[in-house]
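The chains referred to below are lettered A, B, ... by the order of the sequence lines, with proteins before strands, and numbering in each begins at 1.
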Amino acid sequence: MDASGLHIDGNGVAGTLEEIFTTEITVAERICQSCGSRAPIGAHRAYHGAGLVLRCPACGDLGARVGALGDHHHVLELRGTWVLARSP
Amino acid sequence: MGTVADVQDETPRARTIVLEVPGWPGHVAGMHVDIRLTAEDGYQAQRSYSIASPPGDGSVALTVERIDDGEVSPYLTDELQAGDTFELRGPIGGYFTWHVRDGGPLLLVGGGSGLVPLMAMVRHRQRENSSLDARLLLSAGSWEDVLYQDELAEVSRQGVGTHYTLTRQWAADWAGWTRRVDGEMLRAVGPPPAERPLVYVCGPTPFVEHVADLLVALGHEAGRVRTERFGPTGG
């Protein structure tokens, strides 16, 4: 898919992601279930609308869908392998 | 909450807002804050703004460019005064960040006010007295739009390579480039891909897209090119 004029970076929605994961998440990596590429969440494409969609920076496949209702965010879907290991 | 300590005009369209934020945990150059404004009827608008000040300043400076039909930026650039307070969340984002211990060489490519987080990196380098190879390429519509002009001239004298291209309007005696960023320009600015520079690109989405594609085509490692796009919901 090509909507390059519309998206920002995962880093740009770090505040919303921090609300959901209660920690800074943009340096964590995700392995795409479609193309197998591994990329930091901050390097993913982020699409803002009624909610938030994260897509693989290599192939554009879906990584996360987040719905918003008022002040609360509700994760609807996470896809691929999220590598959340953090160094001590 | 942030309290405005000072406001400084940077260009006819941009202003730096210096904030006192109680309990500020400190930040890394490249991070941003989310600002939320609430109208009397409860309507809320939230925007992200990059931090312009380096870590360790005590206060937090944001530089905001006015988007004429924006919901937030005209308030920040035209109406905000010292002593005002507003809701602020941050510092945010660990990915688009640079600290001297991350090393270099460093290549910073900014489009318009995309210079702001890159300037935090330059200021951090200066504050740490680092002699690390650092180069900046800034694309702006006209010279009048270029932020931090005096400070950029100063850091240029102190060893930061500063390069400019003006895309809309320039003086007859302008000696810099006058076109969109292209591969030839990036080659001239360097450092070459073989030196594996850490590259940070910030600006409007089409600008960042264009520059990131050029960098990868030149042979820079995609994993060492970090991007920050403004996106369509500016203002």
Side-chain angles (χ1 to χ4, degrees), chain A residues 1-32 35 37-60 63 68-73 82-87, chain B residues 25-28 30-36 38 42-51 87-99 102 114 116-117 199-213 216 221-235:
Chain A
M1 84 169 265
D2 180 25
S4 57
L6 299 172
H7 70 93
I8 57 173
D9 304 272
N11 188 65
V13 293
T16 300
L17 295 174
E18 196 168 321
E19 274 179 29
I20 297 164
F21 290 93
T22 68
T23 186
E24 147 58 25
I25 197 87
T26 58
V27 293
E29 294 181 316
R30 184 186 152 272
I31 302 166
C32 180
C35 72
S37 62
R38 180 172 177 147
I41 300 303
H44 278 58
R45 302 182 201 160
Y47 297 83
H48 245 319
L52 168 67
V53 170
L54 285 180
R55 292 187 176 277
C56 171
C59 75
L69 185 67
D71 268 355
H72 302 283
H73 292 99
W82 291 60
V83 186
L84 303 180
R86 301 176 73 85
S87 48
Chain B
H27 64 279
V28 182
M31 286 182 164
H32 63 269
V33 297
D34 286 350
I35 285 180
R36 180 180 283 177
T38 306
Y43 176 77
Q44 291 189 325
Q46 181 178 302
R47 295 291 184 274
S48 299
Y49 291 102
S50 291
I51 300 169
E87 201 178 332
L88 168 150
R89 177 174 63 183
I92 292 170
Y95 175 67
F96 191 84
T97 59
W98 182 75
H99 189 280
D102 296 328
V116 176
V199 190
Y200 293 83
V201 187
C202 184
T205 297
F207 173 85
V208 172
E209 203 79 358
H210 174 67
V211 172
D213 286 349
V216 171
E221 289 170 46
R224 289 181 74 79
V225 178
R226 296 183 187 181
T227 57
E228 177 95 296
R229 297 162 170 88
F230 294 163
T233 50

Working to the nearest 0.5 Å, report the span between [atom1] of [X] and [atom2] of [Y].
| X | Y | atom1 | atom2 | answer |
| --- | --- | --- | --- | --- |
| E209(B) | H7(A) | CD | NE2 | 4.0 Å |
| E18(A) | R89(B) | CD | CZ | 7.5 Å |
| I92(B) | T26(A) | CD1 | OG1 | 10.0 Å |
| R229(B) | D9(A) | CZ | CG | 4.5 Å |

Checklist entry - What is the minimum heavy-atom distance between A14(A) and H32(B), and which atoms define it? => result CB-CE1, 4.3 Å
Item to check | Considering all heavy atoms, the nearest F96(B)-N11(A) contact | outcome: CB-ND2, 3.3 Å
Item to check | Under 4.5 Å from any heavy atom of chain A - which part of T227(B) | outcome: both
